[in-house]
Asks: 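Would you mind keeping the following structure in view while I ask a few things?
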Amino acid sequence: MKSGSHSDQPSFSIGVVKEATGLTERRIRYYETLGMLAPGRTQGNQRLYSQGDIDRLKYIKALLDHGVTLKEVRAQLQQEDTATYRHDFDEVERDAESYFQGKLIARRADVHRDSLYPLINRQDIMRRLAREHKDGQGDTKGDH
DNA sequence: CTTCTGACA
DNA sequence: TGTCAGAA
C-alpha cells in the first residue's frame with residue numbers, strides 16, 4: 001500500500017470538523033453515538049477525524065438539510081457501508097485470485113477504504129435532491 | 001483555551 | 001438540540 005492512498009488519515013480535531021461541516025459539536029458527537037461514524041481517538045481520548053469522516057458528515061448534513069429524516073440517513077449510510085464492504089471484499093477476492101494464478105502484480109489496489117461506489121451513489125442522491133428541490137418548491141414532505 | 005461525558009430544560 | 005458542569 002502507498003502512503004497517500006486516498007482520503008483517510010485521522011488528523012482533524014472536532015473543532016476543525018465543526019468549521020468544515022457547519023455542524024455543531026453536539027450534533028457531530030450525537031451522530032457518532034448513533035453509529036453513523038466512528039472517528040479515531042488520541043491517547044488523551046480526543047476525537048480524530050479523517051477527511052472521509054468530514055465528507056461523511058457533510059453528506060449527512062446535506063441530506064438532513066433537504067428534509068431527509070435522521071432515520072433515513074442512517075439507513076442510507078448503512079446501505080453504503082454494506083456496498084463498500086462488498087466492494088472491498090470482492091477486491092480482496094480478486095487480488096487473491098490473481099495471486100493464485102501467478103499474476104499478482106496486476107493490481108495496485110490501495111482502494112480499500114473509500115471505494116467509489118458510495119461516492120457515485122452520493123452523487124446520484126445529491127442530484128435527485130437538487131432536482132426535487134427545484135421542482136416541488138412548496139413541499140414539506142410527500143416525496144420519498 | 002479546547003475537548004470529553006453526562007445530564008437537564 | 002442547546003447548554004451547563006466538572007474534569008482532563
Asks: Answer with base, sugar-phosphate or nothing: what part of the nucleic acid does A/Arg27 contact at a heavy-atom distance below 4.0 Å?
Replies: sugar-phosphate
Asks: What are the two closest non-hydrogen atoms of A/Ala62 and A/Met126, and how far apart are they?
Replies: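 Reported closest heavy-atom pair: CB-CE, 3.5 Å.
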Asks: Taking only residues two or more places apart in sequence, or in another chain, which ones meet A/Leu48 in a side chain to side chain contact (heavy atoms under 4.5 Å, CB included)?
Replies: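 Testing A/Leu48 for side chain to side chain contact (heavy atoms under 4.5 Å, CB included), a comparison that skips the adjacent residues, returns A/Pro10, A/Thr42.
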Asks: With sequence neighbours excluded, what pairs up with A/Thr33 under the side chain to side chain contact (heavy atoms under 4.5 Å, CB included) test?
Replies: A/Tyr30
Asks: What residues, two or more places apart in sequence or in another chain, satisfy side chain to side chain donor-acceptor pair (under 3.5 Å) together with A/Glu80?
Replies: A/Tyr59, A/Gln76, A/Arg122
Asks: So, OP1 or OP2 of B/dT3: does either fall under 4.0 Å of a side-chain N or O from A/Ser13?
Replies: yes
Asks: What integer distance in Å separates A/Lys18:NZ from B/dC4:P?
Replies: 11 Å
Asks: Over how many whole Å does the gap from A/Glu25 atom CD to B/dT2 atom C1' extend?
Replies: 8 Å
Asks: With heavy atoms of chain A within less than 4.0 Å as the criterion, where does contact along DNA chain C begin and end?
Replies: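 Using the under 4.0 Å cut-off, the span is C/dT1 to C/dT3.
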Asks: Less than 4.0 angstrom from a charged side-chain N to a carboxylate O is my criterion; do A/Asp53 and A/Lys58 meet it?
Replies: no
Asks: Does A/Ser11 have any side chain to side chain contact (heavy atoms under 4.5 Å, CB included) partners at least two apart in sequence or in another chain, and if so, which?
Replies: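 With sequence neighbours excluded, A/Ser11 shows a side chain to side chain contact (heavy atoms under 4.5 Å, CB included) to no residue whatsoever.
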Asks: Residues two or more places apart in sequence or in another chain: which of them pass side chain to side chain donor-acceptor pair (under 3.5 Å) with A/Gln79?
Replies: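 With neighbours one apart ignored, the set is empty.
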Asks: Taking side chain to side chain contact (heavy atoms under 4.5 Å, CB included) as the definition, give me every residue that meets it alongside A/Gln123, ordered by chain and number, with sequence neighbours left out.
Replies: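 Partners of A/Gln123 under the side chain to side chain contact (heavy atoms under 4.5 Å, CB included) test: A/Arg127.
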Asks: Of all of residues 37-49 of chain A, which get a heavy atom below 4.0 angstrom from DNA chain B, listed by number?
Replies: A/Arg41, A/Asn45, A/Gln46, A/Arg47
Asks: Starting at CD1 of A/Ile28 and ending at C1' of B/dC4, how long is that distance when rounded to a whole Å?
Replies: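 From A/Ile28 CD1 to B/dC4 C1': 14 Å.
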Asks: For A/Arg74, enumerate each residue passing the side chain to side chain donor-acceptor pair (under 3.5 Å) test, keeping only those at least two apart in sequence or located in another chain.
Replies: none
Asks: Taking all non-hydrogen atoms of both residues, which atom of A/Leu70 and which atom of A/Leu34 are closest, and how far apart?
Replies: CD2-CD1, 3.7 Å
Asks: Suppose the criterion is salt bridge (Lys or Arg N to Asp or Glu O under 4.0 Å): which pairs have a residue in residues 28-39 of chain A, not counting sequence neighbours?
Replies: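 Passing the test, one end in residues 28-39 of chain A: A/Glu25-A/Arg29, A/Glu32-A/Arg41, A/Glu32-A/Arg47.
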Asks: Pull out every protein N or O sitting under 3.5 Å from an N or O of nucleotides 7-9 of chain B, one pair per line with the distance.
Replies:
none

Asks: Rounded to the nearest angstrom, tell me the gap between atom CZ in A/Arg29 and atom P in B/dT2.
Replies: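 Atom CZ in A/Arg29 sits about 13 Å away from atom P in B/dT2.
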